[in-house]
Amino acid sequence: MKTTSEIRSDFIEFFRSKGHTIVPSAPLVPANDPTLLFTNSGMVQFKNVFLGSEKPGYVRAADVQRCLRAGGKHNDLDQVGYTARHHTFFEMLGNWSFGDYFKKEAIAWAWELLTQVWKLPAERLLVTVYHTDDEAFDIWHRDIGLPVDRIIRIGDNKGAPFASDNFWQMADTGPCGPCTEIFYDHGAHIAGGPPGSPDEDGDRFIEIWNNVFMQFDRQPDGTLLPLPAPCVDTGMGLERMAAVLQGVHGNYEIDIFQRLIAEAARLTSRSDLDNKSLRVIADHIRACSFLIVDGVLPSNEGRGYVLRRIIRRAIRHIWKLDGLKPDGTFWKMVGTLVEVMGDAYPELADKRELVERALRAEEAAFAQTLDAGMQRLEGYLQRNGGRIDGEQLFQLHDTYGCPPDLIADIVRERDSAELEPSAMEDYERLMTEQKDRARAAGKFGNATTLPAELAAQLPATDFLGYDKLVEGGLEVLAILKDGRPVDSIEAGDEAVVILDRTPFYAESGGQVGDSGELDEKGMRFVVRDTLKFAGQFHGHMGALQTGRLSKGDRLMGSVDGERRAATVLNHSATHLLHSALRRLLGEHVAQKGSLVAPDRLRFDFSHFQPVSAAELAEIERQVNAEIRANHAAEIHHMGMQEALDFGALALFGEKYGEHVRVLRMGDTSTELCGGTHVSRTGDIGLFKILSEGGVSAGVRRIEAVTGQAALDYVSSEMHRLDEAARVVGAPRAELPEKLRSLVERQRRLERELESLKAKAASGATADLASSAVDVNGIKVVTARLEGFDAKALRESVDRLKQQLVDAVVVLAGVQDGKASLVAGVGGSALGRVKAGDLLGDVARRINGKGGGRPDMAQGGGEDGPALRAALGEVAGLVKERTAAAGV
């Protein structure tokens, strides 16, 4: 029996022998692609290659890509653990041809690997082809020798041309083509029919390999034009293939999952290894660990929110099996995961401590609310006859942190429970009303893109801005107006101009894009910003002020030098800050985002607690020490592996090519960076931290300034100190002691004031007790009290309840036209009169609101005649309520 690790290795070595370049797995967070939450298939890292905007240094590639489907369009989370083959995290084996080999080689090599290397019985395999793809059909039948009855033509079965399981397309337009899928027959003892049959959804015939032949460019009108260089895109699920080669039917029966399931069973004291909750835990530890390795941490938005959902789903299943332990359980799965997958993914072992810390912290936080949430859910189910509505879903999520998919999971497990038909719709409406504070995933849809046909024609922009801020003879290669290519624009038009060369830096790596001007012979185009398209084209965004601009024109480009210079200081300081954070706080610190602008820098980083004032002071001291050392900013160009060996730090979310640019400043800061920087660290002048705070769980943010902005900030702070010293009448050096003295005096006066208020309230209470009215044996007291706040009112109500015993008290404290209300019920009045209801009646009469417990309630409204009238009606209301209660 082949292990999963051996299968992974076999695939790579087979295609290496066929002349393929072995490409490492891309991270689960797509680099420079805001259209996707996660890498959800093997082709994601090659998307720009297929679109023609990126030219790799090879024409054949093979890889093992880690993928995740738990958010956005591809979301398998609800099915995970309940089916044989659904996962959040999975590995996709793929071989790729970029205009090199095509159908004949791809099919032949697939058959060779399956039947000769892995020795699968040919009679257990059958294939599908697109119904018009005679070429693929003939290769399978004539070249491979597959019988006609095991080659199934699949047509358009979704109501539109080319809408078929065997016709793949990247989007509504662009590269597309037919595919051939290979299926394995698990045997007649398993229900299900072959693909294309009425019972194809059964589990007997399982797709194990899909070969996509991208040979067309689909036009907006639906027509297909042949691509000049057809490509091959294949995908084989490693877990499915392992199940076949290990002689089992379900993915959870393969070696990797059996190890993880056994560990989950041990940690939860279970002996039934077929328990679906164990499957959920085993699946989710892979997804959560690899997300954290790739830089995602739990939060309430975007990718971090998806990670939080997966962690909490796993913890809920742990809770279901064995309750929650004080020191947690889920994080303890990481060690076994490293054992079974660490050889293939060394970064998993390298970041084990970070993964365990993040999972442990999230488990501890969720454990505090899960029990309460489950109890509330049980209460809802009992009161509503086993049904849950949208408002209850929202309350469980908003108050107890239990997301709706987790609740749906629980409800699905019970025959007597169900969600209301409109539950999810109502839940979404309530979440929207609360400003979508949970998901915020919609922001992953606004990428800066070029039309595919234009990107395929353009050469990459040659960036001159490392050495020059002004350059002439720049050729206009393309102009975009309203997102569409045009030949020319007139004065007043907004547009994006793409040049063959440019001194303008395009926004990337956190550094803002340059601004400035493009001009020539009476034509003036003002550049407001410069963005990077498809990772390699600089788009100059702005407006034509005078003249006419056409494709082919040659221009003079002038960058705003003062703005660039200020930005450069902040960018270099960001690198020094990153280095200082890692030295002082630990190597778990990783960049989670940054903004490098002319006026300030902002740096987000992973860390599990606030940075103390002492730590911030030391970070600032270390950065300024590096500035005073006046290190040269060395630029090195080298291969990616050479750069890593050189000690360069690669930043999260960035995509690097085979050759990279390395910035080194002194012995402490070495990073991959394509941005613009100072010549020497001393140019930065001064670094000053403005603030530190939390962005989301596990992510902190530091904002700082440099250069003249730092000097201006220090000067401003000194002015504030001088002004404060003048106000309190003390020299600047004596200001702290003077302020301490004033604060202590204020506190003493506040205590004295509180004492006087308490005495006044006590005296007022004695007077009020004598004014109590007897209503059916209950003492009723109402009063309007000038200057009483809510605290004084509560204390007075408590004293009156103790003194009168069987009492109903409603007091109003008035200040500045507003009324605070407090109601209390005590003794035999309890059960017959509810303080919350009574106070609500009074509050409504004065345009206010309020409520609370049966014995104590609080609210407020407006002062005026209506308040006096409402207080005068309290005795009558008490009489009505006691009469209704049978007194």
How many angstroms lie between [atom1] in [X] and [atom2] in [Y], if you round to the nearest 0.5 Å?
| X | Y | atom1 | atom2 | result |
| --- | --- | --- | --- | --- |
| Ile311 | Leu307 | CD1 | CG | 4.0 Å |
| Asp294 | Leu28 | CG | CG | 4.5 Å |
| Asp156 | Ser164 | CG | OG | 5.5 Å |
| Trp168 | Phe162 | CH2 | CZ | 15.5 Å |
| Glu263 | Thr329 | CD | OG1 | 10.5 Å |
| Thr336 | Ile285 | OG1 | CD1 | 9.0 Å |

Whether [X] side chain and [Y] backbone form a donor-acceptor pair below 3.5 Å:
| X | Y | value |
| --- | --- | --- |
| Lys351 | Val293 | yes |
| Ser97 | Tyr101 | yes |
| Thr268 | Ala264 | yes |
| Asp63 | Pro24 | no |
| Thr88 | Arg69 | no |
| Gln116 | Leu113 | no |
| Ser606 | His588 | yes |
| His317 | Ile281 | no |
| Arg240 | Ile206 | no |
| Thr39 | Pro27 | yes |

>> If you apply the rule side chain to side chain donor-acceptor pair (under 3.5 Å), what do you find for Asp233 with Trp96, and how did you get there?
In response: CA-CA 5 Å; Asp233 161 4; Trp96 316 82; over 6 Å; no

>> For Lys2 and Asp10: C-alpha separation, side-chain torsions, deciding distance, then whether salt bridge (Lys or Arg N to Asp or Glu O under 4.0 Å) applies.
In response: CA-CA 10 Å; Lys2 281 191 173 290; Asp10 285 348; 3.0 Å; yes

> For residues Asn95 and Trp109, is any side-chain donor paired with an opposing acceptor at under 3.5 Å?
Replying inline: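 Short answer, no.
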
>> Looking only at the side chains, is there a donor atom on one of Tyr252 and His86 sitting less than 3.5 Å from an acceptor on the other?
In response: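 Not at all, the side chains of Tyr252 and His86 share no donor-acceptor pair under 3.5 Å.
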
So do [Y] and [X] actually touch side chain to side chain, heavy atoms under 4.5 Å?
| X | Y | answer |
| --- | --- | --- |
| Phe290 | Val355 | no |
| Ile7 | Leu245 | yes |
| Met241 | Leu120 | yes |

>> Between Phe167 and His131, is the ring centroid distance below 6.0 Å?
In response: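 No, they do not, as the ring centres are separated by 6.0 Å or more.
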
> Would His87 and Phe257 count as a close aromatic pair, with their ring centres under 6.0 Å?
Replying inline: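 Between Phe257 and His87, which both carry aromatic rings, the centre distance is below 6.0 Å.
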
>> Assess the residue pair Tyr184 and Phe205 against the criterion (ring-ring contact (aromatic ring centres under 6.0 Å, His included)); give the C-alpha distance rounded to whole Å, side-chain angles, the decisive distance to 0.1 Å, and a yes or no.
In response: CA-CA 6 Å; Tyr184 180 80; Phe205 296 90; 9.4 Å; no

> Does the pair Thr234 and Asn211 meet the rule for a side chain to side chain donor-acceptor pair (under 3.5 Å), with working shown?
Replying inline: CA-CA 4 Å; Thr234 82; Asn211 284 260; 4.9 Å; no

> Could you give all pairs that pass the salt bridge (Lys or Arg N to Asp or Glu O under 4.0 Å) test and reach residues 179-191, with sequence neighbours left out?
Replying inline: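 Residue pairs passing salt bridge (Lys or Arg N to Asp or Glu O under 4.0 Å), neighbours aside: Asp185-Arg204.
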
> Can you list every salt bridge (Lys or Arg N to Asp or Glu O under 4.0 Å) pair that touches residues 242-261, not counting sequence neighbours?
Replying inline: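 Qualifying pairs, neighbours excluded: Arg259-Glu339.
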
> How are the rings of Trp209 and Phe15 set relative to one another: parallel (under 30°), tilted (30 to 60°) or perpendicular (over 60°)?
Replying inline: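 Perpendicular, since the angle between the ring planes exceeds 60°.
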
> What pairs of residues pass the side chain to side chain donor-acceptor pair (under 3.5 Å) test when at least one of them lies in residues 137-151, not counting sequence neighbours?
Replying inline: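 Sorted pair list: Trp140-Thr180.
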
> Taking only residues two or more places apart in sequence or in another chain, which ones pass side-chain hydrogen bond (donor to acceptor under 3.5 Å, both in side chains) with Glu13?
Replying inline: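 Once residues adjacent in sequence are excluded, the partners of Glu13 under the side-chain hydrogen bond (donor to acceptor under 3.5 Å, both in side chains) criterion are Arg16.
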
Should [X] and [Y] count as an ion pair when the cut-off is N to O under 4.0 Å?
| X | Y | result |
| --- | --- | --- |
| Asp134 | Arg153 | yes |
| Glu362 | Arg357 | no |
| Glu91 | Arg66 | no |
| Glu239 | Arg286 | yes |
| Lys332 | Glu363 | no |
| Asp274 | Arg279 | no |

> Shortest non-hydrogen contact from Tyr345 to Ser25?
Replying inline: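 Taking Tyr345 first and Ser25 second, the nearest heavy atoms are CE2-CB, 4.4 Å.
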
Would one find more than 12 heavy atoms of other residues, nucleotides or ligands at under 6.0 Å from atom [atom1] of [X]?
| X | atom1 | result |
| --- | --- | --- |
| Glu6 | CD | yes |
| Asp343 | CG | no |
| Lys104 | NZ | no |

>> List the residues meeting side-chain contact (heavy atoms from CB on, under 4.5 Å) with Pro198, not counting sequence neighbours, and say none if there are none.
In response: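 Testing Pro198 for side-chain contact (heavy atoms from CB on, under 4.5 Å), a comparison that skips the adjacent residues, returns none.
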
> Does the pair Arg8 and Leu238 meet the rule for a side-chain contact (heavy atoms from CB on, under 4.5 Å), with working shown?
Replying inline: CA-CA 7 Å; Arg8 191 189 291 115; Leu238 175 60; 3.8 Å; yes

>> Once salt bridge (charged side-chain N to carboxylate O under 4.0 Å, His left out) is applied, do any residues pair with Arg352, and if so which ones, sequence neighbours excluded?
In response: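 In terms of salt bridge (charged side-chain N to carboxylate O under 4.0 Å, His left out), with neighbours along the sequence ignored, Arg352 is linked to Glu356.
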
> Can you tell which of Leu278, Asp283, Asn275, Ile256 makes a side-chain contact (heavy atoms from CB on, under 4.5 Å) with Ile261?
Replying inline: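 The side-chain contact (heavy atoms from CB on, under 4.5 Å) with Ile261 is passed solely by Leu278 among Leu278, Asp283, Asn275, Ile256.
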
